[in-house]
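Right, one structure below, let's go through it.
Per chain, numbering begins at 1; letters A, B, ... match sequence-line order. For clarity, every value in this text was computed on a predicted model and none was experimentally measured.
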Protein chains: 2
Amino acid sequence: MEDPGPAGRQTRKNVVAVVGGGLVGALNACFFAKRGFHVEVFETREDIRTAKTVRGRSINLALSLRGRQALKHVGLEDKIVSKGIPMNARMIHSLSGKQSPIPYGRKGQYILSVDRANLNKELLTEAETYPNTKLNFDHKLQDWSSETGLMTFVRSDGSRSQVQADLIVGCDGAFSAVRKQFLRRSRFNYSQTYIPHGYKELTMPPRDGEFAMKPNFLHIWPRNTFMMIALPNMDKTFTCTLFMPFEDFEKITTGDEVIEFFRKHFPDAIPLIGADALRTDYFRLPAQAMVSVKCSPYHIQDRCVLMGDAAHAVVPFYGQGMNAGFEDCIVFDDIMNQFNEDFSSVLPEYSRVRVPDDHAIADLAMYNYVEMRAHVNSKWFLFRKRVDNLLHFLMPKTIIPLYTMVTFTRTRYHEAVQRWHWQQKVINLGLLLGAVGAAAGGSYLLVKNPPNINRILVHAEHIRSKLVSLKTS
Amino acid sequence: MEDPGPAGRQTRKNVVAVVGGGLVGALNACFFAKRGFHVEVFETREDIRTAKTVRGRSINLALSLRGRQALKHVGLEDKIVSKGIPMNARMIHSLSGKQSPIPYGRKGQYILSVDRANLNKELLTEAETYPNTKLNFDHKLQDWSSETGLMTFVRSDGSRSQVQADLIVGCDGAFSAVRKQFLRRSRFNYSQTYIPHGYKELTMPPRDGEFAMKPNFLHIWPRNTFMMIALPNMDKTFTCTLFMPFEDFEKITTGDEVIEFFRKHFPDAIPLIGADALRTDYFRLPAQAMVSVKCSPYHIQDRCVLMGDAAHAVVPFYGQGMNAGFEDCIVFDDIMNQFNEDFSSVLPEYSRVRVPDDHAIADLAMYNYVEMRAHVNSKWFLFRKRVDNLLHFLMPKTIIPLYTMVTFTRTRYHEAVQRWHWQQKVINLGLLLGAVGAAAGGSYLLVKNPPNINRILVHAEHIRSKLVSLKTS
């Protein structure tokens with residue numbers, strides 16, 4: 001559908017209320033404004049562009065193709081990309097301090113480290129450029145009716161206001177107030193799962209005015225039950241995030257214990273962060289919890305729809321939380337075209353199409369939560385990554401690594417998972433046939449001699465144990 | 001711990017508020033009253049013993065060992081059992097009207113069909129016999145504080161009252177108001193899953209003053225995507241419950257369509273229920289939803305604990321919903337003995353011990369939701385049931401069917417599941433070794449002749465296809 005142009009836009013009367021002025025809310029406001037709706041954004045917090053302190057949430061995020069496509073739709077891609085730092089590969093830090101890169105994809109494929117606060121500010125400013133959009137800060141949703149679309153907001157001075165909307169778009173994050181109304185209804189499926197790990201953020205300052213480590217990498221210190229990662233920032237600092245079970249965080253109570261812990265597990269990071277900073281920064285904030293939220297359906301009648309973290313908070317281990325939320329906006333927009341903006345058709349279709357994809361990425365992120373900590377430094381993992389990349393190089397259209405499908409294409413998440421399962425079977429079968437071929441070669445020699453079942457069994461056991469040792473190393 | 005006797009009881013001052021006067025709430029009130037606590041029960045509805053109409057929920061329930069043990073603890077087992085109808089076996093109704101019994105366990109093992117309303121009334125009356133217990137009806141919990149234990153109730157006339165308790169026990173069912181406070185807290189895991197099926201209840205009247213079908217059975221009409229069951233009542237009626245996807249319920253809109261549907265799928269039930277009754281009763285109520293609720297932990301500090309459906313609503317396909325809720329009371333009671341009624345130790349221990357068991361029974365009930373509809377009438381299912389029962393007969397302490405462990409023992413649910421997985425492996429290995437033994441016999445003959453790999457493969461394929469055809473028939 002072509003843009004009807006400014007004149008066409010002005011004739012529309014429908015009011016769309018976007019609840020939440022975070023990343024997905026602000027972007028979605030642009031999407032709806034572009035279509036000519038009268039858009040009202042309601043955000044609980046004050047305007048982060050003028051606020052003195054910004055509370056909560058992680059500092060930087062990994063932007064990849066899905067998110068970029070959504071930004072492109074509202075003309076912001078180049079601006080945001082120019083303020084991001086490309087990361088071409090993971091950089092694995094071993095206990096001995098050895099660093100080994102594992103590329104994310106083919107040459108030229110990278111993800112971008114972007115600053116959450118800056119991105120949010122840019123999106124809010126962009127939304128405000130539409131004359132048919134109004135941003136309302138310090139508006140906390142207290143209640144709303146799915147029958148009438150009437151919402152009640154409360155402000156920090158205690159005053160209340162009521163607003164009516166034709167469509168309410170819940171982009172108010174993992175602890176969504178809009179979603180509470182869904183939970184009161186029958187046949188709404190919902191789950192929230194906290195993982196046993198929490199996280200703490202630490203800053204690694206620049207060294208002699210330059211990045212303290214190679215900047216174009218996502219640095220990872222995988223240590224089985226826990227893990228640290230570091231992403232580069234524009235100011236040449238790195239934001240380090242330590243992931244660890246809450247009970248382990250609780251064991252560390254003094255600055256000396258912090259240093260002792262780092263000396264044992266991340267010795268190369270101590271001089272880079274600085275021992276003194278480490279002693280104090282570690283205790284600045286308590287460890288933060290991480291939750292995975294899944295629900296279904298995403299809509300109530302033709303009145304309300306959930307998007308972003310409000311619909312599907314994911315744990316941060318696939319770098320897709322923001323990207324999935326941004327892609328929600330594209331998917332919704334496509335369906336708006338398809339059904340000519342008729343909410344009574346658009347909303348059910350959006351639930352039908354998007355739920356399986358968002359559930360798939362939530363599951364993948366949870367799967368990676370285990371894989372990143374435990375397998376990234378195993379020989380089997382590296383072997384399989386190399387096999388995948390080799391096969392992708394040989395058969396670029398047949399074998400596509402899962403990470404590539406998720407990060408560098410817009411293949412639907414659930415289809416990427418299905419395809420991955422299929423590929424895994426084919427590759428494992430290939431490896432098995434290779435092993436069987438080797439065994440058959442051996443067997444041919446045995447047939448020349450009197451058949452001896454024991455020798456064949458020993459032979460098979462030998463192959464099996466080799467595979468097992470490779471897998472568990 | 002021995003009962004301190006009436007004198008000992010009176011000296012206690014602690015107030016326990018049981019929110020919910022349904023089955024688990026009323027039983028739990030007896031457990032706490034027996035320990036000498038001052039017990040206050042708060043129930044939203046009016047007293048069902050004096051109410052004119054009783055709303056909602058299924059009419060009869062299957063009582064088995066776990067529930068009976070809990071009733072025994074408060075001296076009610078014999079009374080309730082005398083008003084129940086023993087069911088020794090499932091009675092499978094085929095489409096042709098053929099009836100085949102499948103026993104629940106060994107001779108003498110049975111489950112009991114009991115009337116929900118009567119059981120609830122008996123429990124409330126029993127709770128009232130304790131002088132230290134007070135029942136408060138028409139008290140709907142509006143809010144409560146986990147810091148102070150202060151609860152606010154609202155009555156149907158709009159009046160409010162506040163009550164403070166040392167311990168708040170949430171027994172207020174699948175849609176628990178107590179649980180809402182848990183959902184506001186960090187690191188509370190929660191899921192609610194609605195299955196695509198709904199249910200409708202129909203009554204099968206007596207015939208010539210007698211049961212219309214054999215009374216000592218749980219009658220089942222398994223029809224793959226849907227299913228009907230019937231449980232006997234003391235008044236010689238049967239309560240039939242039809243389980244079907246909501247979308248199929250919605251397709252039936254006229255009395256004629258009801259009859260057509262029954263003629264196609266449950267022809268033998270039409271004369272038993274009566275065509276005229278069927279036409280009207282079917283539309284008396286809309287299809288009811290079924291939800292599975294899991295959460296963790298079950299407690300907040302030393303102040304509040306969830307039990308029964310509030311902690312773990314299950315789908316009704318293992319007949320363990322009430323039994324699991326009643327067993328909660330025994331488990332909590334045992335831990336109270338173990339930790340000398342110190343809530344700050346009892347509550348975390350209760351969560352630690354009980355969560356895995358309640359999650360296991362919720363999963364099993366969901367598993368049976370598929371199995372009961374689809375497999376009960378397959379030859380493989382009957383074959384495996386017979387193998388299980390035979391092995392149980394031969395090795396009664398080694399192989400115990402899962403259904404027996406769940407229904408006729410107090411084996412912890414999660415241990416029953418673990419043991420079942422282990423037994424399945426052993427039995428499948430046994431069946432496989434049997435097949436391999438047969439193949440080896442054949443192979444011995446082959447060795448006498450020149451080895452021919454093709455003939456061996458054909459032989460193996462033959463065994464495999466036999467097993468597959470058995471499994472899918």
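The contact between B/F188 and chain A is made by backbone and side chain atoms together, counting heavy-atom distances below 4.5 Å.
For the atom pair A/L183 CG and B/Y190 OH, the distance stands at 6.5 Å (nearest 0.5 Å).
With contacts defined as side-chain heavy-atom distances shorter than 4.5 Å, the pair A/Y194/B/S186 qualifies. In this structure, A/R187 and B/F246 have side chains that are in contact, with non-hydrogen atoms separated by less than 4.5 Å.
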